[in-house]
Every structure is written in structure tokens, then in C-alpha cells.
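We count ligands from 1, going down the list as the structure has it; atoms in each ligand are counted the same way. Just so it is clear, the values below take in all heavy atoms, side chains as well, and ignore hydrogens, waters and symmetry mates.
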Amino acid sequence: MELCSGQTNSFLENGLDQYLPSNIDIVHGPACAVCAAPIALIDAAIELANRENVILCASFELLRLKGSVCDLLEIKAQGRDVRVVHTPLDSLAIAREEPGKKVVFLSVGFEMAAQSNALAAWQAKRLGLKNYFLLASQCYFPAVVKHILAVPGSKVQGIFGLSSVCSVTGMVDFEPISKRYQVPIVITGHAPTDLLEGIRLCVNLLENKNASVENLFRGSVSRDGNREGKSLIKEVFQLGDRYWRGIGVVEQGGYHLRPEFQQFDAERAFELQFEAKGDNQACISREILLGFKKPTDCPLFGKGCRPGNAMGSTMVSSEGACASYYNFKNDRQLLA
Ligand code: SF4
């Protein structure tokens, strides 16, 4: 199983899936943070953007993510103060410039996002800001790997780790998981040669019955990861259960603000109520993300469900497995 949307795209775009021997099958895990964002989170962001004196800040990709009824771009078009920012520090600068407004930064992501959001909350506290809030769904990736491997009947025999996540976590957080479930984890990149090298190493480890964590991305991943980043994350956040769209609740699967930083928690400050909302009942995103099925097994794939009219988690972003299959496999079929 690969756990990186860049890897999914690279596999399909370069046609590697066509050249693998029949006893190697690549399945696509939960690699896309936008796909993991609960619909209720977008609904909450829309509700906030509609309030007086609120400036809602987010990346452009999140503004396009549809909630139950509409997306934030439509709210912006209706005249609400919704702004595109690239980092949480951009939104922090807006909070300093606009002390009379409440500035909310909407964010979804994995360890990289947790690291920069931790910096923003830490900085907001240092500056004594009272008008800055995070509305964030930040996922702790090792917990989801554990969740996938713990599912009864899991067919996953080897895992490709995300280089971006591992550049923060390092290898250490994955080592007990690899050992417990006897599944090798190989951290590798996106390029076709990285993927082929990753497959070769994974097969070698399996043949030698060696369940260990190996690193092919030594330029940016070390065994301990980014110590300063991890210590900042630990200072600001604590782990707790987190709802992942398409998968459900993952035990200890997300970062939540510690009590000392809860003044920046938009959920608490605005008393937001989250109500989990599922995808279309025919959607098989969960089975795809757990490695039991492929996007092309879904009866809605390319018919009712396609980019621009997503009916489930793995089609909402170009980084999702269903969107990748739609973009690259369809192209290939057209060219054939
Ligand atoms: S094609 Fe759409 S409905 Fe089917 S699994 Fe993918 S996201 Fe869900």
C-alpha cells in the first residue's frame, strides 16, 4: 500500500501499474489530507464565514472543497470576507492588522500542517492575540497506519511511507507498528525510479521475513525526524481521537490544542457543533482506503461520481485515489 497521493499519481501517470508482475498489487491508502477533511468541518467554516466581523482564511484548495450545500468560494462570491492564504502565519499577520475582527484559519493536513499550525498558535500566544483562531483537522499519520493494519482480514503486506510526513515524524513512530503487525515499511519518494526501488526493497524484506522500517529518502528523512518541529507540536498539541472522512474515527488519530492553547480553538471559542456526515451510501472509499478495493470497483466511478461531482472522499481532490484513476486511467483508455 502506498500512502502518498504523489505516489498514486506517479504510479498511474507513468503506467507502472501495467508493468508489475501479477503477484504484486499496489493499493492506495489515505494519502490525501483534503480527502480526510470532514464535511462538517467545511460546514462549520461556512457558518463562521457568514458571521459578522469574521475573516475566514484558507488555502485555495480548501475554498473549493464542498460542504453539505456549497463551498467557501460561493460564500466569498456572496460578499463575505473569505481570504486565500498560503500559510497560517499569513493569517496571523491579518489578525495583527485587523484587531477589530476575528480571524479564523481553516486548515487540514498531516504532520507538516501540524508543525506550521503549532508555530502560529505559539506565536499568537507570545503576541497576546485575542482575535486569532484555528479551525483545524490535523491528522497523526502513524495512527492511521496502525488502524489500517489492525482491520480484521487486512491484505496489506508492505507499506510505502510518506516522505513529507516522515521528514517530521522520522522513522521512530512507525517502528513499533511495523514490528507489531509484521509489515515492512519503506519510506520512498514519488519518482518512478523511487517507487520501483521501494517495491524491490519491500519484496526483499518480505522474502527475508524482515518487518522493519527502511528509508530510501535520506535527503530529508532521518530516524528521529525533525526534533525541533516535533517538540513544538508536542508543546502546542496533544493526541486524541479524530474523525477521518472515508475511514471513520481513528483512535489517537489527530492533534488537538492543549489546554494552555485552547483560547485559539475555533470550535470552543465559537461553540461550534460538529455532526459527522457520511458520503453517498454506495461509495466504497472506506474499502479503497483500507486496501480491500480499487476505485474501478465502485459502480459510481466515472458515472455518477467524477471530479467536479464527487460523491465520496477519494474523489473530492485531484490528490484522491479515485480522482487519480479518473485522470490517468481514463486518459490511458482513451489513448489505447
Ligand atoms: S468513485 Fe466516488 S463514490 Fe465511488 S468510491 Fe470513489 S469517491 Fe466513492
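Interface of M315 with ligand 1, defined as ligand atoms under 4.0 Å from a residue heavy atom, comprises 7 (S). Taking every heavy atom of G312 and a limit of under 4.0 angstrom, the matching atoms of ligand 1 come to 7 (S), 8 (Fe). The I288 neighbourhood of ligand 1 comprises atoms 5 (S), with distances under 4.0 Å to a heavy atom of that residue.
The protein heavy atom nearest to atom 6 (Fe) of ligand 1 is C322 SG, 2.3 Å. The protein atom (non-hydrogen) at minimum distance from atom 5 (S) of ligand 1 is I284 N, 3.4 Å. Shortest contact from atom 2 (Fe) of ligand 1 to any protein heavy atom: C305 SG, 2.3 Å. Closest to atom 4 (Fe) of ligand 1 among all protein heavy atoms lies C298 SG, 2.3 Å.
The aromatic ring centres of Y325 and H28 sit less than 6.0 Å apart. Between F264 and F133, the ring center distance fails the sub-6.0 Å criterion.
Under the 3.5 Å distance criterion, with hydrogens and angles disregarded, no donor-acceptor pair is assigned to the side chains of N117 and Y255. Judged by distance alone, the side chains of Y132 and S91 do bring a donor and an acceptor atom under 3.5 Å apart. Residues S222 and D224 bring no donor and acceptor atom of their side chains to less than 3.5 Å of each other. Between E61 and S317, the side chains place a donor N or O and an acceptor N or O closer than 3.5 Å (distance only, hydrogens not considered).
With a cut-off of 2.8 Å, atom 2 (Fe) of ligand 1 has no N, O or S atom of C283 in range.
Around atom 7 (S) of ligand 1, the closest heavy atom drawn from T314, L289, L300 belongs to T314.
At a heavy-atom distance under 4.0 Å, no atom of N280 approaches ligand 1. Here S285 has heavy atoms under 4.0 Å from ligand 1 in both its backbone and its side chain.
Cation-pi check for K125 over F261 is met; the charged atom lies under 6.0 angstrom from the ring centroid and within 45 degrees of its normal.
A salt bridge does not link K155 to D25: none of the charged nitrogens lies less than 4.0 Å from a carboxylate oxygen.
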